[in-house]
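All figures in this text were calculated on a predicted structure; none of them were measured in a lab.
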Amino acid sequence: MKLFRYFPVAVDSIAANKMRASLTMLGIIIGVAAVLTILGVGRGASANILDEVASQGTTRLTISPSTESEGEGAGAPVQTLTMGDVRALSDAAFHPDVVEVVPQYGGSIQLVAGSNNKQTRVTGTTADYAEVHRLEMAEGRFLTEDEIAQMSNVIVIGTAVATDLFERTQVVGESVRIDGEPFTVVGVLEESGNAGFGSNDDSGFIPIGVAHGRIFNVPRYRGEYIVTSVSANAVSEERVEAAEGQIEQTLRLRHGLGADDDNDFTISTQASLLDTIGTVTSTLTLLLSSIAAISLVVGGIGIMNIMLVSVTERTKEIGLRKALGAHTSDVLLQFLIESLVLTLLGGLIGIAISYGLALLVQRIPNFPIDLLIGVDALLLAVGVSAGCGLIFGLYPALRATRLDPIEALRYE
Amino acid sequence: MADSSALIDMQNISKVYQMGETKVLALNGVSLSIEEGEYVAIVGTSGSGKSTLMNIIGLLDSPTEGVFQIRGQRANGLTGRQLADLRNREIGFVFQQFNLLARAPAWRQVELPLFYANVARGTARERALEALAQVGLAERADHKPEELSGGQQQRVAIARALVNRPSLLLADEPTGALDTRTGEEVMALFEKLHEEGLTLVIITHDQEIAERAHRVITMRDGVIVSDSDAATATANGFRNGLSRTAPAPLPRPVAIEQDEEKMYEAV
């Protein structure tokens, strides 16, 4: 095809002005590298969070009390989610799709072991918590049904708590004091590896009855202890929505909400959490990429500028080519393809740079996020740089075609 | 002279340029016919219309009035694309300043017209090398203009003009940028090519160059003031390339000589 014959011409012309060409390409290089890197960071960060969320199970539902105050202009918000609700939700007859309903009541409190102490978040819960939240044990075991029922003074702690209190993690059988009361350590959680989202390294778990009755001063609502949240599992990923409906129905009934009343609780599923995270990261990525894309436009204007200079400089050459039989389309294509080659080359260098960065980041141990550059982003980069070349090269190329060969040949 | 077998046939050609408010009559009813195998010089001062005439013969410009035919084909009313194709096929240009591409080796320069004639790459290179051999530069095919002398550069340009086997070689002051000795070499090359059958039209203000041609057309104020008649020239036998005797020298108006002196000063 004749089109390809213009490429060597373009390459020759670019090679004739290497310095100028590389400076011109710099705009496109920086633009493409910036956009790709930001897209990669965005994708990497979002994949990281999504992995984390998914590793905690996709069937989990979390019920939390609404923070809005009840009634008109009432003072303190009334917390209505109680142990009574937990028992009601545990009735499989009315909630066929809900299993493992786990109450939680947590607060920050001081743990003491010997001369060491640590302020940490201690949660009162039941034995199913480990299953619902996919906890892995490094030492010992999680709380048992018996310990929950008998309200034993036992505690499961995270690795950070263990190392802070005992300077080691093999601490099963050791004693920890809360408010002067001794608790036996029955298990230590596996280190979650990242200090961020969903880590349990800095926490402790005790039987819910102990938290309610002895450690925290927990208010009651209609005679039942309140909880800070309730976790539950749906029987399967497909039944999450059905489970949500069943829970909602029961809670609305128990809380005496009329048809027009809003829920005084919120049910969040992992799916809705994933959605939210996805939306936030993609919005952020889009915003940052748009800013980076501005540099592409600036780079494109640089291309246009240099191509205009090039056309003026080569007026005589254009005149000669026309005299030798070049069609208008030949001249147009020659200059269009020259700017296309310029931007494509810049785009490819930009891609190489962002890939280099991605590889570099992979080699850094414990770097919080990966740089994920997908095929779609690559195609986008190639497409955008080619588009830049065509759009910003069009005007200079048209200028070249409009030259009168007689005038052009006389041009000095 | 309305001989349809003529290579170039111009009937009553006028060219008017619009320069702001005023109209300039660059050519005023010129009729001219050039036969295949002729060796013609067109002379005249600047503003005489010889450049306009050259541009029209070279299909770079179209006349405002009159009929222009090349090989019996009317060029009036052709589109830019058709003119470009015709130019590519029929005309070989040689310019005063050589007009070579700065960075390309000689064979690439020579190949250029074939690129626009859509000749396949391999064939084009082969023909470019042949044309370079024709002008005696076979060994310099890979040299760039900066590695060639002025005379060699002009020979590359001549090879480029020849490569697509045009009907007519149109040379605009071909020795203007060369010293006397290399200018002589280039003229000798032209004359060798003419003897081999090439039609040659040289536009010049240099009387010495013009006198070497077998037919001299003198322009002034947009008209042909003298033409050493083609018929007479034919009688002298120049068309067979047998006679090296120049046609009878023309009576040249004194005014031209004066104008030329002015031109030299300007150069």
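- Contact check for A:Thr328 versus B:Arg81: no side-chain heavy atoms found under the 4.5 Å cut-off.
- Side-chain N or O atoms of B:Arg87 include one that pairs as donor or acceptor with a backbone N or O of A:Lys322 at under 3.5 Å.
- Contact detail for A:Ala326 and B:Ala84: the closest heavy-atom pair is O-CB, 3.8 Å.
- Neither the backbone nor the side chain of B:Asn164 comes within less than 4.5 Å of any heavy atom of chain A.
- With a threshold of 4.5 angstrom between heavy atoms, B:Asp85 approaches chain A through its backbone and through its side chain.
- Heavy atoms closer than 4.5 Å to chain A are found nowhere in B:Arg89, neither backbone nor side chain.
- Annotation for B:Lys144: atom NZ does not count as buried by contact number, only 12 or fewer foreign heavy atoms lying within 6.0 Å.
- Contacts from residues 96-109 of chain B to chain A, taken as heavy-atom pairs separated by less than 4.5 Å, involve B:Gln97, B:Asn99, B:Leu101, B:Arg103, B:Arg108 in sequence order.
- One finds the CD1 atom of A:Ile406 at 5.5 Å from the CG atom of B:Leu60 (value rounded to the nearest 0.5 Å).
- Using a 4.5 Å heavy-atom threshold, the side chains of B:Asp61 and A:Asp404 count as separate.
- A heavy-atom distance below 4.5 Å is not found between the side chains of B:Pro113 and A:Arg321.
- Atom CD of B:Gln82 sits in a crowded spot, with more than 12 heavy atoms from other residues, nucleotides or ligands closer than 6.0 Å.
- For residues 323-343 of chain A, every residue pair satisfying the salt bridge (Lys or Arg N to Asp or Glu O under 4.0 Å) rule, not counting sequence neighbours, is listed here: A:Lys2-A:Asp330, A:Arg314-A:Glu338.
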Any chance you could lay out the side chain to side chain contact (heavy atoms under 4.5 Å, CB included) test for B:Arg160 and A:Leu320, step after step, and finish with the verdict? CA-CA 11 Å; B:Arg160 180 179 65 194; A:Leu320 171 79; 3.4 Å; yes
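- Using non-hydrogen atoms only and a strict 4.5 Å limit, the part of residues 12-29 of chain A facing chain B consists of A:Asp12, A:Ala16.
- With a 4.5 Å cut-off on side-chain heavy atoms, B:Phe115 and A:Arg5 count as touching.
- By number of non-hydrogen pairs under 4.5 angstrom with chain B, the leading residue of A:Pro405, A:Ala323, A:Gly319 is A:Ala323.
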Side-chain polar contacts of residues 294-306 of chain A - donor-acceptor pairs under 3.5 angstrom, sequence neighbours left out - could you list them?
unit_1, atom_1, unit_2, atom_2, d
A:Ser295, OG, A:Ala292, O, 2.5

